[in-house]
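Whatever order the structure lists ligands and atoms in, that order sets their numbers, starting from 1. Predicted model only: the values in this text are computed from it and were never measured.
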Amino acid sequence: MIALSNKSIKKLIGSSVAATALCASGAFASPVITAYKVDADIKHIGVESSHWRKAKETEIIAYPQTTIHLNDKKANTLNDGNKAKKVKVKALTDGQNIAFKLEWADKTQSIQSGNAIKNTEFPDGFAVQFAAKYDDPLKLPYIGMGSVDRPVMVYLQKAVAKLFEPNGNGEIDKQVNRANSPYFQKDLEKFDIDVAHLARRSYQKAFVAEGFGSMTEIKDKSSEFLMDMKYKKSAFSTSGWEGSVVRPLNDEYVKIYNDPIPVAFAVWDGDKMNRDGLKHLSTWIIVEFDGVASNDKLKKEFDKPLNNANVKTGEELMKTHCASCHNYGKVNEAASAYMAPNLSNIGGYSTTPYLIESIREPHNAIVPGYNANAHSNFAWHYGDRASGMTSAMPAFDYLTEQEVLDIVGYLKTLKAEVE
Ligand code: HEC
């Protein structure tokens, strides 16, 4: 046996197996969040609870959602220039409930006040998304709002100012800001009580959805949950938000046992005109339960298939088969920017199984088109929800399995730099 010096090993790796080395070194490894068990009822905790000290945080990345464009050129341009955001996540369980805490930097605190009605102000916000069915890791819901037959549950909180509503009808023009209130001294206490009773609650909502346009708010209390959101100003480091959500482990929409579950996270930056689908979004992140031996089929399916992908070949294949419709990264050759989703961040917010399925069976999860009415020449799908939808993208069933993996390996590299 010949002993190799470090230098010659480096040379060997450098020359022949650069692309494979990238994969073997864990470039495709998914982060995992651990939910820690506490011996206390966590049903009512918020961001400030001391229980969070028992959980270790995991850093995940939320990417600008560039597959979605609003009918607002300025907002779209701002979004295209956005970098990806780091979000620190902690998870807790008490055996009955599961709770998540998110922490992310945002130098500008944007709170929605009355002006939002005039569409000039947009709030910061966050969301946590659960897959209703997750037993088959190959068929998880589409990351942005689920897809037909693959529902999701979404908890959403927006930073909304508490406004005094004299008549409780939400007539913003007639609302009086506390700072300009006609109350003084002892009346102030009464004023605060009135505000607490009459103020519009901060915006906290739970939805179920099976794709865009199918979002349904759960208002009947069939699932109890609690959210919290606080801005932390810091003179020494970057200011930002903390947000938390608590929900039961099991309700009629999502059932969580001790097995790993996929959860996704999103944050909105009001200052960047983020709203609706324009946001920063993570891929499905695996959440596992501390101290519980469980199967890791989710993790295997997320990472394993790419170990033999040749990223360079994938890049070439994309130019031949995909660039006529899709723009991505520096490739800007699509016949029109409205032909197909921009894939510049697709590697950030998509799982490997989703990307494989998008190429082989594009009809399974259909991304809605940009401003369908404004750009009706570029329909992304035919048919509708009721009659069934067919994607405008052809199914690439003639590509070999290896070619698909190579493409997916390359797609996984498409993502914005982290800020
Ligand atoms: C004829 C135009 C066309 C070609 C060629 C094409 N696509 Fe698409 N693609 C679309 C359209 C339209 C959609 C949106 C509808 C949908 O989701 O199926 C889409 C959606 C996608 C999505 C999902 C995007 C998202 O945001 O989730 C991926 C991934 C994708 N294509 C990858 C590819 C790859 C890889 C190739 C080449 C092998 C390719 N496409 C070739 C038109 C095309």
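For the pair Asn342 and Thr67, the minimum side-chain heavy-atom distance is 4.5 Å or more.
Between the side chains of Tyr382 and Ser391, no donor-acceptor pair is found at a separation under 3.5 Å.
Here the straight-line distance linking atom CD of Glu419 with atom CD1 of Ile61 works out to 10.0 Å at 0.5 Å rounding. Put simply, CG on Leu281 and CD1 on Ile143 are 5.0 Å apart, with the number rounded to the nearest 0.5 Å.
Contact shell of ligand 1 (protein heavy atoms, cutoff 4.0 Å): Thr67, Tyr142, Met318, His321, Cys322, Cys325, His326, Met339, Ala340, Pro341, Leu343, Ile346, Tyr354, Leu355, Ser358, Ile359, Pro362, Ala365, Ile366, Val367, Trp380, Ser391, Ala392, Met393, Pro394, Phe396, Ile407.
The one candidate from Phe100, Phe130, Phe126 that meets the ring-ring contact (aromatic ring centres under 6.0 Å, His included) condition with Phe265 is Phe100.
Between Tyr410 and Tyr328, the angle of the ring planes goes over 60°, which puts this pair in the perpendicular group of the 30/60° scheme.
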